[in-house]
Amino acid sequence: MAVIGGGAGGLAASIALARSLRSVIVIDAGSPRNAASAHAHNVLGHEGVNPLGLLAKGRQEAEAYGVQFIDATVLSAANRTQAPETLGFDLETSVGISIEAKRIVIATGLTDVLPDIRGWPTGGAIPFFTAPTATATRFRGQNIGIIGTTAMSYHQAMMFSQLSDRVTFLRHNAPAPDEAQRRMLDSLGIVYVDSAVEAVERTESGTVVTLRDNDSMTFDALAVGPYFRANGEIFEQLGGTVVDHPTGMGSSIPAEANGATDVPGVWAVGNSADISAMVVASAASGVLVGAQVNAELIMSSVS
Ligand SMILES: Cc1cc2nc3c(=O)[nH]c(=O)nc-3n(C[C@H](O)[C@H](O)[C@H](O)COP(=O)(O)OP(=O)(O)OC[C@H]3O[C@@H](n4cnc5c(N)ncnc54)[C@H](O)[C@@H]3O)c2cc1C
């Protein structure tokens, strides 16, 4: 069994498989999506845990069950055959190690593609965030600017209005509000600014946003809806097709509720298959898929 990606989804899948006495190898490039965050929230029993610390602990637990790890990127994957009884895959890694696997769990997560705005943060230089659920306490009551990217940004503004009565919606690339969205903004007291954002800059007094007409506004923090692009290259090499999310907010590997994809022998977990999965949901999907793959392997050995 090969698990590609060692975030919450991949680690949980590897543990579930190894506990069923499957031989498992995890190949992980080591860039979980929330690596830059100091704390992960809504992680039951571990509220505020450091994301990398949580994964290090998960890896230790996996190793204790015999899971092997390769710190590398899977560069390419090929199906040896699509016949159910002889399913098999060949993987090539960035460290020159080749791997043969009977089944593959894709746990490669997604990439947050941020809007093209001058001065946009790298390395956490500007406090910005995407989901109110992950940041509820930190920015409570603050002066928050929402940078619109899609129609779903209005929903994001609505959610943030529960955390603060100082929310401003900067339209940027989002479509103009329809009547219902306009009513929602008005009734929740969200200030609407119909302008693109040219630049952002962190200053001592806050985050300064320069608008297209050169006006500027200062916020305590910014929220933005990135494009959530599935890391689906390996899936596509194996013959699958990554699909657009119906909201236009991103893309994902199409998988059934049990993680099965339409490529025989290939399963998908976590953010690669579900743009909305947070840490616990990603781990939960990994546990489920681990059990499903184990059952499928037992079934395939029944003559
Ligand atoms: C800024 C930010 C803050 C967040 N805060 C929270 C929070 O507070 N609480 C919460 O529950 N969720 C939070 N999330 C969401 C959380 O990051 C995801 O739910 C979680 O990381 C998904 O786990 P995953 O295993 O699917 O993917 P990831 O954690 O992204 O792991 C994917 C792994 O696969 C590896 N990989 C990718 N391609 C390859 C390849 N070809 N070969 C080998 N390895 C590969 C990557 O390097 C990475 O290590 C936050 C997200 C962001 C962006």
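For ligands, and for the atoms within them, numbers begin at 1 and follow the listed sequence. Just the heavy atoms: all of them, side chains too, but no hydrogens, waters or symmetry mates, feed the values below. For the single chain, residues carry numbers from 1 onward in sequence order.
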### Within 6.0 Å of CG in Asp213, more than 12 heavy atoms from elsewhere
yes
### Message
Within ligand 1, which atoms have a heavy atom of Gly109 less than 4.0 Å away?
### Response
27 (O), 32 (C)
### Query
Which ligand 1 atoms are under 4.0 Å away from a heavy-atom of Gly9?
25 (O)
### Query
Is it true that Glu201 and Arg118 make a salt bridge, defined as a side-chain N closer than 4.0 Å to a carboxylate O?
no
### Distance, nearest 0.5 Å, that separates CG of Asp244 from OG of Ser251
6.5 Å
### Query
Which is closest to atom 4 (C) of ligand 1 in terms of heavy atoms, Val49, Asn34, Leu44?
Asn34
### Query
Given that the side chain starts at C-beta and the backbone is N, CA, C, O, which of these parts of Ser37 lies under 4.0 Å from ligand 1, counting heavy atoms, or is it both or neither?
side chain
### Query
Any idea which atoms of ligand 1 are less than 4.0 Å away from a heavy-atom of Ala107?
32 (C), 33 (C), 34 (O)
### Task
Please say whether Asp112 places an N or O atom under 3.5 Å from an N or O atom belonging to ligand 1.
no
### Query
Taking N or O atoms only and a 3.5 Å limit, does Val279 qualify as a polar contact for ligand 1?
yes
### Query
If you count the atoms of ligand 1 from 1 in the order shown, which ones are under 4.0 Å from a heavy atom of Ala277?
18 (C), 19 (O)
### Straight-line distance of Phe69 CZ to Ile27 CD1, nearest 0.5 Å
10.0 Å
### Message
Does atom CD (Glu236) have a neighbourhood of more than 12 heavy atoms from anything else shown, all under 6.0 Å?
### Response
yes
### Message
Can you confirm whether more than 12 heavy atoms, excluding those of Glu179, are under 6.0 Å from its CD atom?
### Response
no
### Task
With heavy atoms only and a cut-off of under 4.0 Å, state how Ser31 meets ligand 1: side chain, backbone, both or neither.
both
### Message
Any nitrogen or oxygen of Val74, side chain or backbone, less than 3.5 Å from one on ligand 1?
### Response
yes
### Message
Atom CZ of residue position Arg19 - does it have more than 12 heavy atoms of other residues, nucleotides or ligands inside 6.0 Å?
### Response
no
### Task
Begin with the C-alpha distance, continue with both residues' side-chain angles, and end with the deciding distance and a verdict on side-chain hydrogen bond (donor to acceptor under 3.5 Å, both in side chains) for Thr207 and Arg202.
CA-CA 5 Å; Thr207 299; Arg202 183 82 181 133; 3.3 Å; yes
### Task
Using distance alone, decide if ligand 1 has a nitrogen or oxygen within less than 3.5 Å of any nitrogen or oxygen in Ile234.
no
### Message
Would Ala29 count as a polar contact of ligand 1, with the cut-off being nitrogen or oxygen pairs under 3.5 Å?
### Response
yes
### Query
At a 4.0 Å threshold, what atoms of ligand 1 neighbour a non-hydrogen atom of Asp28?
33 (C), 34 (O), 35 (C), 44 (N), 46 (C), 47 (O), 48 (C), 49 (O)
### Message
Once rounded to the nearest 0.5 Å, what's the spacing between atom OG of Ser98 and atom CD of Glu92?
### Response
3.5 Å
### Query
Would you call Asp71 and Arg59 a salt bridge, using N to O less than 4.0 angstrom?
yes
### Query
Which atoms of ligand 1 sit under 4.0 Å from any heavy atom of Gly30?
47 (O), 49 (O)
### Task
Give yes if a backbone or side-chain nitrogen or oxygen of Arg33 is under 3.5 Å from a nitrogen or oxygen of ligand 1, and no if not.
yes
### Message
Give the atom numbers and elements of ligand 1 that come within less than 4.0 Å of a heavy atom of Ala72.
### Response
43 (C)
### Query
Does Ala8, backbone or side chain, put an N or O under 3.5 Å from an N or O of ligand 1?
yes
### Query
Nearest heavy atom to atom 29 (O) of ligand 1: which of Ala77, Gly10, Ala40, Pro32 does it belong to?
Pro32
### Query
For ligand 1, which atoms sit closer than 4.0 Å to a heavy atom of Ile4?
40 (C), 42 (N), 43 (C)
### Arg171 to Tyr192, cation-pi by 6.0 Å centre distance and 45° axis angle
no
#### Entry: Whether over 12 other heavy atoms sit under 6.0 Å from Ile298 CD1
yes
### Query
Less than 3.5 Å between some nitrogen or oxygen of Asn42 and one of ligand 1, yes or no?
no
